[in-house]
Structures are given as structure tokens and as C-alpha cells.
Amino acid sequence: MRIIAAIAKKEFKSYFVSPVAYVLITIFLILSNWLFFNMYFLDKEASMRVFIARMPWIFLFFVPAVTMRVWAEEKKMGTMEMLMTLPVKDYEAVIGKFLASFAFLAVCIALTISVPMTVSYTGDPDWGPIIGGYIGTILMGTAFLSLGLFISSLTENQIVAFILSLLVSFIFLIVGEHFVLYAIPNAIVPLFEYLGFGSHFMSISRGVIDSRDLIYYFSFIFFFLFLNVKSLESRKW
Amino acid sequence: MIEVKNLTRNYGTTIAVNDVSFSVKKGEVLGFLGPNGAGKTTTMKVLTCFMPPTSGTATVDGFDILEDPLAVRERIGYLPESTPLYTDMMVEDYLSYIAEMRRIPQAQRASRIKRMIDVCSLRGVLKKDIGALSKGYKQRVGLAQAMIHDPAILILDEPTSGLDPNQIIEIRQLIKELGKEKTIILSTHILPEVSATCDRVMIINEGKLVASGTPDELQNEAAGDSVLYVAITAKQSDIESTFANINVIKASECISHSGGRYSYRLVIDKSQKDCGASVFQLAVERGWVLSEIRSEQLSLEDVFLKLTTGDN
Ligand SMILES: Nc1ncnc2c1ncn2[C@@H]1O[C@H](COP(=O)(O)OP(=O)(O)OP(=O)(O)O)[C@@H](O)[C@H]1O
Ligand SMILES: [Mg+2]
């Protein structure tokens with residue numbers, strides 16, 4: 001437990017020593033706020049529906065940028081050899097790094113507080129969907145994180161990690177979309193619909209917290225963390 | 001302390017370490033010697049449980065590297081070859097991170113870190129980013145992290161590479177000092193380093209163990225014919241006919257003469273022990289004036305070349 005905390009602390013700090021983190025946060029905040037406000041003052045609708053609906057697409061680019069260096073850099077710099085010859089279990093290293101990137105993501109999401117503040121100041125919003133939307137956003141972002149971390153552990157090239165994570169995340173985003181569902185045989189429609197992020201995200205962000213959606217996200221996150229541990233175990237580099 | 005049995009490690013089709021067995025006793029300082037690509041680093045990576053062997057086993061302090069990797073890692077301090085460090089961390093933060101990861105109790109952490117700062121002379125760079133350090137200072141940080149938990153075993157891959165001469169001497173002294181109570185495996189290309197620090201040397205070539213012993217043993221074992229330089233004042237024809245009649249002198253060659261003084265290079269068969277004394281005896285018998293006698297010692301360097309180049 002202390003080891004996990006030590007790794008998480010060190011990794012979290014390391015996000016903030018490079019200017020990249022600040023650039024990322026800035027872009028994330030500008031993009032999410034702009035996409036929201038440019039519609040908001042036209043519609044005058046006191047809700048965050050638009051904001052929440054755009055989060056998956058922002059995360060599609062943002063989260064791979066957060067996770068790409070986590071393992072790839074260690075492999076490239078050779079520090080993996082230091083880390084993996086310390087008395088550390090593979091899963092401790094994986095969870096430590098996961099917690100650090102989760103904390104980073106949480107900070108970024110927390111910084112969008114300006115949006116709900118504006119909404120509540122200018123109108124009288126229904127808080128259910130806003131809170132649900134935030135929960136859905138965190139779950140989806142965390143799912144993207146675990147996927148991106150796993151992919152980062154497969155390569156020592158950050159750019160490759162970024163592009164691959166983006167592609168695979170994109171697939172999970174669109175498999176449940178209507179245009180895909182129309183194109184595939186009826187028998188596998190429920191499967192695709194279940195696998196895709198869309199339906200789970202939408203139902204949570206309507207403010208309906210269904211245990212099936214939670215199970216979907218948690219098993220998704222767990223599955224990729226598990227794969228991450230496995231990929232460390234099979235180190236052949 | 002360390003037992004290695006039939007260790008083999010392949011990278012794809014390359015056999016990096018080929019059926020190597022050896023053991024290291026407690027308190028022994030073992031030097032790995034071998035040309036580039038011999039498999040020294042690979043052996044160390046397997047012993048430190050960074051990667052599994054393709055076949056064979058090893059135990060460290062009684063713990064199997066495959067079954068108990070954490071127990072093995074706890075007992076080892078490891079300095080990897082190119083000293084990989086987190087370049088974006090300050091030296092101070094890095095050492096306390098490693099101290100934490102090594103599970104050094106909170107109460108002892110500060111004093112252990114301070115000890116490492118003193119031993120590796122890091123006082124002046126504590127607040128610097130590791131990425132901004134010179135190679136030698138990075139190496140010192142690498143050594144500090146390897147020793148911070150006071151491990152029973154140290155595995156150091158080229159510990160003195162990149163250090164300045166003063167620092168090299170200091171580190172060698174440190175290794176000798178540590179070697180009194182710790183078990184150490186180090187690899188190096190610098191031959192005098194082996195004689196200076198190691199109790200035992202293993203020469204590895206193309207993944208195979210080709211020789212093992214104390215530096216002295218290796219020198220003697222690999223010694224071939226000895227070479228003697230002598231300078232004699234006498235009649236040249238007398239000298240040459242005498243040399244020609246002695247069987248153990250396989251070759252003699254006059255390299256220079258001035259006045260009546262002739263310098264010869266003699267190749268003497270390895271069966272002849274103590275050839276200097278015999279030549280001296282000979283000179284007395286013949287009534288020669290022997291003004292110089294010098295034997296050429298086969299150095300560890302020659303042993304190394306002999307064992308690791310194909311032409312022998
Ligand atoms: N990651 C790797 N992938 C493929 N082959 C490798 C890898 N690492 C080492 N090798 C090969 O294994 C062999 C042994 O390499 P190793 O690094 O153990 O040698 P070494 O004795 O440490 O050499 P040096 O003195 O140059 O450090 C070499 O032929 C090398 O090319
Ligand atoms: Mg090497």
C-alpha cells in the first residue's frame with residue numbers, strides 16, 4: 001500500500017514538472033469551455049447537456065495525451081529496469097501509475113467547475129443530470145485512461161502510444177453508434193451496443209445511475225489494468 | 001550466496017548467455033570480464049529478476065529468482081549499465097523516493113540518505129535535476145540508489161564508467177571496503193580494475209564462461225613461454241653457441257649491441273621454471289658479465305586477449 005502511494009505521488013508530481021501538462025490542461029479547459037459557452041449563450045438552456053455530450057470527443061484526444069508517456073517513457077529511458085528491480089510487485093506499479101493519472105484527470109475535470117457555476121448563476125438547472133454527467137465523465141475518462149496506460153506499456157514510442165490509444169478509444173466510442181449498428185447483422189447489435197461507450201455514458205449522464213452501466217465501466221477499467229500487469233510480466237524487451 | 005546453474009538466455013535467435021554456471025560466496029567480490037556483447041549485462045539482468053532466464057536457474061541468498069523475485073530484489077542493490085534515472089527529478093527527491101520504495105523505515109531514511117550523500121559526494125548537487133548532471137555525477141547517484149538500503153549483495157554493471165580518475169580510485173576503494181562484508185558482482189572492461197578490486201574474475205566470451213579464478217591464478221594458468229631480456233658482455237660467438245645448445249631456449253635474437261655488450265631477447269619454454277636464476281647461473285659459469293636481466297610478465301590483459309580472441 002505504501003509502495004503504491006509512493007509511486008502514485010512521484011508520478012503525479014512528474015506530470016507537473018514538464019510544461020506539457022500545463023499545455024494539456026490549458027487546451028482542455030479552453031476547448032471544453034469554448035464548446036460549451038459558444039452554444040450556451042445562444043440556447044439559454046440552463047443545463048450542461050451540450051457540455052457533457054462533448055466530453056467523450058474531447059477525451060478521445062486528451063486522455064491518450066495524458067497516458068502516452070507513462071510506460072513508454074520508462075521503457076525508452078531504461079528506468080523500467082530500475083523500477084522493475086526494486087522490490088515492487090507488477091500490480092503495485094500499475095495501480096500506482098493508474099492512480100496518478102486518475103488524479104491528474106480528476107484535477108482537469110475539477111477545473112471545469114466554471115461551467116456548472118455559470119449555469120447555476122444564469123438559470124435554475126436540474127442538478128440530477130449535471131451530477132450524473134460528471135459521474136459519467138469521470139467513469140468514461142477513467143476507462144480511457146486504463147486503456148491508454150495499457151497501450152503505453154506495449155511500446156517505447158510515445159507517439160505510437162498516442163495514436164494507438166486514440167484509435168482503439170475511437171473504436172469503443174463508435175461501435176455503439178447508430179450508423180454502425182445499422183451496418184451490422186442484427187444478431188450482434190446488442191453486443192456492439194453493450195461494448196460501445198455511448199449508451200452507458202448517455203444513460204448515466206441523464207442522471208440515471210444504473211448498476212449495469214457501472215459494472216460495464218468498472219469491468220472495462222479492471223480488464224485493461226489486468227492486461228497492463230500481464231504486459232509487464234511478459235517483459236521481453 | 002549466489003548460485004547460478006546452467007543459465008541460458010536468448011534474445012530471439014541470439015544466444016546472449018549460454019549455459020553458464022557459477023557461484024559466489026558471501027563476502028566475495030567477483031568481476032565479470034569480457035568483450036562487448038559477451039553477455040555480462042544479460043547475466044546481471046537475469047540475476048536481478050528484471051527478466052527471466054530462457055532456461056536454467058539461479059538462487060540468491062537461498063531464494064529462487066523465479067519463485068521469489070521480490071525476496072531476491074530486496075537483497076540486491078543494482079546499478080544498471082547505462083545508469084537509467086528519472087531525469088526530471090531532483091537528486092534529493094530521487095533518493096528519498098528510492099528510500100521509500102526500498103521500505104527503509106521512516107526513522108532511518110534521513111540518516112541513510114545522508115550517508116549516501118557523503119559516500120558518493122553528492123552534497124553539491126542535491127537540488128539539481130538529474131537530467132542536468134554530468135555523466136560522472138549521474139553515475140554517483142546511480143551508486144547511491146544501489147546502496148541506499150544497505151543490501152547484502154551489490155550488482156554493479158560497469159560502476160566506474162564515466163568517472164574521473166580520482167573518483168575511480170575512490171569508488172574502487174569503496175568497493176574494496178564494501179567487499180569485506182558484502183557480496184559484490186561487478187562488470188568492467190578495465191583490466192586493472194579487476195586486479196584492484198576483485199577476489200575472483202570470470203572471463204565471459206560469446207555467452208560462455210571461458211575462465212574463472214583469482215587474478216593471479218588466471219595470469220599463471222594462461223602463461224605460455226616466458227620472455228627474458230638479457231644484456232651480456234662477452235664474445236658474441238660464445239654467447240650464441242651457448243644459447244643454441246640449451247634446449248629450453250626456443251629462440252634467441254640479438255636486439256642491439258654497443259661496445260662488447262650484447263642485448264638478447266630469449267624465448268624460454270614454459271616447462272622451465274625460474275629462468276632468470278638459470279640464466280644468472282649460466283653467466284657465472286661462463287664468466288660473462290651480466291648487466292641486465294628482465295622478464296616480461298604476461299599481464300591480465302594478455303590473458304584476456306588470449307581467451308577472448310579466436311586465434312588460439
Ligand atoms: N534487448 C536485446 N535484444 C536483442 N539482443 C540483445 C538485447 N540485449 C542484448 N542483446 C544481445 O545479447 C548479447 C549480450 O549482450 P550483453 O549486453 O549482455 O553484453 P555485455 O557483455 O554486457 O556487453 P558490453 O560489454 O558491451 O556491455 C549481445 O550479442 C547483444 O547483441
Ligand atoms: Mg554490458
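All of these numbers come straight from a predicted model, not from anything done at the bench. Order of the sequence lines fixes the chain letters, A, B, ..., with proteins taken first and strands second; residue numbering starts at 1 for each chain.
- Residue B/S82: no heavy atom, backbone or side chain, is found under 4.5 Å from chain A.
- Two residues are said to be in side-chain contact when any heavy atoms from C-beta on lie closer than 4.5 Å; B/Y78 and A/M82 fail this criterion.
- Rounding to the nearest 0.5 angstrom, the gap separating the CG atom in B/D93 from the NZ atom in A/K9 is 9.5 Å.
- A/L83 has its side chain within reach of B/M101: a pair of non-hydrogen atoms, C-beta onward, lies under 4.5 Å apart.
- Looking only at distances, no side-chain donor or acceptor of A/R2 sits under 3.5 Å from a matching main-chain atom of B/R103.
- Here the OG1-CD1 distance, from A/T79 to B/I130, works out to 10.5 Å after rounding to the nearest 0.5 Å.
- Heavy atoms from other residues, nucleotides or ligands lying under 6.0 Å from CZ of A/F226 number 12 at most.
- Contacts of B/Y97 with chain A are made by side-chain atoms alone, with heavy-atom separations under 4.5 Å and no backbone atom involved.
- Heavy-atom distances place no part of B/R75 under 4.5 Å from chain A, backbone and side chain included.
- Looking at B/I98, the atoms closer than 4.5 Å to chain A (heavy atoms on both sides) all sit in the side chain, from C-beta outward.
- Counted within 6.0 Å of CZ on A/F222, heavy atoms from surrounding residues, nucleotides or ligands total 12 or fewer; the atom is thus considered open.
- For chain B, no part of A/K13 is nearby; none of its heavy atoms comes within less than 4.5 Å.
- The most heavy-atom pairs under 4.5 Å with chain B, out of A/A6, A/A5, A/S14, come from A/A6.
- Crowding of B/K135 atom NZ: a count of heavy atoms from other residues, nucleotides or ligands under 6.0 Å exceeding 12.
- A/V17 touches chain B through its side chain: at least one heavy atom from C-beta onward sits under 4.5 Å away, while N, CA, C and O do not.
- Of the atoms belonging to A/E73, not a single heavy atom falls under 4.5 Å from chain B.
- The side-chain heavy atoms of A/L86 and B/E74, taken from C-beta on, include no pair separated by under 4.5 Å.
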Exercise for the section: Evaluate the salt bridge (charged side-chain N to carboxylate O under 4.0 Å, His left out) criterion for residues A/K10 and B/E100: first the C-alpha distance (whole Å), next the side-chain angles of each, then the deciding distance (0.1 Å), finally the verdict. Expected result: CA-CA 11 Å; A/K10 179 229 153 232; B/E100 219 176 326; over 6 Å; no
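- The local environment of CZ in B/R115 is sparse, with at most 12 non-hydrogen atoms from other residues, nucleotides or ligands closer than 6.0 Å.
- Taking CG from B/D88 and CE from A/M77, the interatomic distance works out to 7.5 Å, rounded to the nearest 0.5 Å.
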